[in-house]
Peer 1: 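A single structure is presented below for examination.
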2 protein chains.
Amino acid sequence: MERFTPRIRDVARVAGVSTATVSRALSKPDVVSADTLKTVLAAVAETGYTINHAARNLRQQRTMSVVALVPNLANPFFSRILAGMSAVLTQAGYNLLVVDTEGPGVDRHIARTLDRSRADGLIVFDGLLPPEDLQPDRLRPPLVMACEWIEDLAAPRIRIDNAAGAGLAVAHLARLGHRRIGHLLGPEANVLARSRADGVRQELAARGLPVRPEWFLPGDYSLESGRRGARDWIAMDDRPTAMFCASDQMACGFIGEVQRRGFRVPQDVSVVGFDNIDLVDHITPALTTIRQPRWSIGEAAAKVMLSLMTDTDAPPPDTVLPVELIERESTSACAAI
Amino acid sequence: MERFTPRIRDVARVAGVSTATVSRALSKPDVVSADTLKTVLAAVAETGYTINHAARNLRQQRTMSVVALVPNLANPFFSRILAGMSAVLTQAGYNLLVVDTEGPGVDRHIARTLDRSRADGLIVFDGLLPPEDLQPDRLRPPLVMACEWIEDLAAPRIRIDNAAGAGLAVAHLARLGHRRIGHLLGPEANVLARSRADGVRQELAARGLPVRPEWFLPGDYSLESGRRGARDWIAMDDRPTAMFCASDQMACGFIGEVQRRGFRVPQDVSVVGFDNIDLVDHITPALTTIRQPRWSIGEAAAKVMLSLMTDTDAPPPDTVLPVELIERESTSACAAI
DNA sequence: AAAGGTCTTGTAATCGAATACATCATGTGT
DNA sequence: ACACATGATGTATTCGATTACAAGACCTTT
């Protein structure tokens with residue numbers, strides 16, 4: 001066990017070949033002779049050689065890693081998406097690294113530092129990053145937007161049909177006889193939140209149901225804002241009999257608070273969420289929600305990224321994945337007259 | 001706007017100085033003259049130069065990034081820890097990258113590829129990684145174990161006193177008059193789970209309460225295993241009146257399932273969790289739990305890592321952070337005679 | 001005025017692997 | 001037997017920055 005870290009030339013010396021041959025033996029085994037290959041591999045084993053990634057990255061001008069920028073890792077929504085991406089990328093020999101773009105102590109301009117010498121690709125899940133940090137140019141690695149997107153930024157998008165998902169939720173409630181349907185909004189600046197709110201309005205209008213601005217309560221996807229939404233709902237004179245929440249987290253906060261204040265779900269208010277995070281199948285009542293195919297979103301994002309990085313032809317500019325209503329216990333027929 | 005990516009020598013040419021001077025101007029501004037500095041910065045702006053990290057990493061033999069290996073990003077437990085780490089590391093000029101070590105499509109041996117040429121430090125939250133991939137040697141970056149740890153692996157640890165936390169939970173239940181206290185276990189292989197179970201046994205014994213093996217139900221921290229635990233609990237003839245769950249996720253699964261089967265919490269069974277994830281303050285009943293100082297854990301891990309990477313003297317080998325009981329609504333005085 | 005110091009800058013080596021090009025041995029076709 | 005293709009390997013350059021060392025300019029001290 002030597003005290004220095006072996007380099008390719010140490011392997012070459014031990015194997016009695018040139019460094020070029022060692023390099024070839026390791027990266028394109030089929031171009032060297034079988035004998036040489038065996039000798040080199042033995043020498044690698046003997047020296048304990050491992051490649052120096054910095055050197056390889058410099059020479060090849062690529063890093064074999066893809067960075068995912070996610071807003072708020074605290075949201076369990078992302079975990080399965082990341083797993084789906086990881087599966088595809090690992091398969092293709094790439095590493096997946098995750099960076100949180102939100103919260104105290106986090107640099108908003110992190111994307112600026114993620115140039116080609118750092119990552120071969122960038123998959124962005126945060127629609128609020130400064131576009132100028134991501135504008136494609138020769139320094140920036142290829143970019144894919146997933147879930148959220150940034151207007152005016154030309155990049156392939158992987159997303160679901162948020163408006164349609166919201167429509168499913170509203171249609172489900174309407175079918176149960178609800179005519180007074182409210183919506184707990186996501187953050188104003190968020191494109192998804194806006195699409196969902198639009199979907200709600202469209203579906204309500206299409207069914208001739210009232211679209212009352214005061215029934216669109218402010219929120220920001222968080223548990224805490226779900227709780228605030230519940231208080232707002234309780235404070236109303238003229239309450240909706242059903243609430244569609246733009247995220248499961250808000251739905252949990254909402255349900256928890258209304259129950260604590262003595263209301264029953266779904267008897268006093270039906271609640272629909274959005275995302276289908278693992279948790280919502282386990283709370284009581286189990287949450288009716290709109291399922292996003294999270295694993296598939298991750299897979300699709302990774303595949304588009306791969307084709308962006310390696311293929312010559314352009315990937316699909318916009319991939320829209322299907323959503324689905326999952327009926328559970330938090331919704332029931334409208335009891336009001 | 002040229003079509004090539006500018007290099008340091010392009011800046012040097014524009015500024016009319018040598019590449020060495022440009023390099024110094026950018027990394028140690030105080031050693032170059034004020035005039036030169038201004039010229040160089042102007043040239044940088046003009047060319048749009050940004051550094052090539054691969055080249056710098058190769059030359060300096062470091063990457064300025066720290067990788068965190070977490071088991072299962074789906075667990076919201078980690079988010080605030082990561083944020084705490086990120087805050088400290090960003091401050092010190094390091095990047096934090098997160099890699100998930102679990103789930104389908106994930107490479108168990110990921111740690112093997114994370115050598116010095118990839119990361120300057122490794123913070124591991126997964127006690128089940130193969131130790132041989134982490135054994136410190138000249139190739140491996142400095143290592144810190146946080147939350148979990150691996151026996152026989154010499155590395156500084158940041159952790160909480162799990163046994164004491166479990167003790168707090170049991171003591172709380174005992175104080176409420178419970179004499180039949182069960183424990184929903186974490187995964188058998190997990191060191192934390194074992195410590196917590198030991199803490200339960202110790203505290204029960206110390207108080208002269210029964211330690212019945214059939215009241216230690218199997219679990220694995222997951223929501224689903226909480227649900228299974230509930231079914232096991234329901235199936236018992238001779239049920240505990242209180243259950244301490246080794247994770248909040250299990251406590252949620254447990255409470256959801258017993259409620260669904262017609263039991264009330266805390267009237268029919270008191271429940272204590274462990275972790276204090278954000279969610280548990282919002283469900284009904286709000287969960288009584290053991291709080292882990294997650295932000296501080298992250299901060300402490302990052303600080304120890306920094307001293308490992310930069311200082312000459314050794315950091316504390318074992319940092320134990322305090323835990324605390326948070327009393328909410330899921331526990332109440334024992335109703336049984 | 002010579003000696004020595006400080007400040008600033010340039011020259012050239014270096015980090016470790018990949019690869020363009022050259023070289024040489026062997027095999028194939030006529 | 002000659003021309004030429006093929007395969008395997010070596011030599012030397014390259015990726016883009018940092019930095020040891022050298023050197024020049026200028027100032028201070030004796």
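Chain naming here is simple, since letters A, B, ... match the order of the sequence lines and numbering starts at 1 in each. Keep in mind that what you see is a predicted model, and the values were worked out from it rather than measured.
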Peer 1: Judged by modelled atom types alone, do A/Tyr221 and A/Asn72 share a side-chain donor-acceptor pair under 3.5 Å?
Peer 2: no

Peer 1: Using a 4.0 Å heavy-atom cut-off, does A/Thr36 contact any base of the nucleic acid, only the sugar-phosphate backbone, or nothing at all?
Peer 2: sugar-phosphate

Peer 1: Do NZ/NE/NH1/NH2 and the carboxylate oxygens of A/Asp100 and B/Arg80 come within less than 4.0 Å?
Peer 2: no

Peer 1: Which nucleotide of DNA chain D is the first, and which the last, in the 5' to 3' direction, to come under 4.0 Å of a heavy atom belonging to chain A?
Peer 2: D/dA8 to D/dG16

Peer 1: Please identify which of these residues, B/Asp120, B/Asn57, B/Asn95, meets the side-chain hydrogen bond (donor to acceptor under 3.5 Å, both in side chains) condition with B/Thr63.
Peer 2: B/Asp120

Peer 1: Just jot down the side-chain contact (heavy atoms from CB on, under 4.5 Å) partners of A/Pro130, sequence neighbours excluded, or say none.
Peer 2: A/Arg108, A/His109, A/Glu132, A/Asp133

Peer 1: Is it true that A/Asp35 and A/Ser33 share a donor-acceptor pair across their side chains at a distance under 3.5 Å?
Peer 2: no

Peer 1: What pairs meet the ring pair (Phe, Tyr, Trp, His ring centres under 6.0 Å) rule with one or both residues in residues 61-84 of chain A, with sequence neighbours excluded?
Peer 2: A/Phe78-A/Phe125

Peer 1: Give me the bend of the helix from C/dA1-D/dT30 to C/dT30-D/dA1, using the axes of the five pairs at each end, rounded to 10°.
Peer 2: 40°

Peer 1: Could you check whether atom CD of A/Gln60 has more than 12 heavy atoms from other residues, nucleotides or ligands sitting under 6.0 Å from it?
Peer 2: yes

Peer 1: Looking at A/Asp10 and A/Arg7, is any side-chain nitrogen of the basic one under 4.0 Å from a carboxylate oxygen of the acidic one?
Peer 2: yes

Peer 1: Sugar-phosphate means primed atoms, P, OP1 and OP2; the rest is base. With that split, encode nucleotides 12-19 of chain C 5' to 3' as B, S or - using protein heavy atoms under 4.0 Å.
Peer 2: -BBBBBBB

Peer 1: Taking atom CZ of B/Arg294 and atom CG of B/Asp278, what is their separation to the nearest 0.5 Å?
Peer 2: 5.5 Å

Peer 1: Using the test salt bridge (charged side-chain N to carboxylate O under 4.0 Å, His left out), find all partners of B/Asp318 that sit at least two apart in sequence or belong to another chain.
Peer 2: B/Arg159

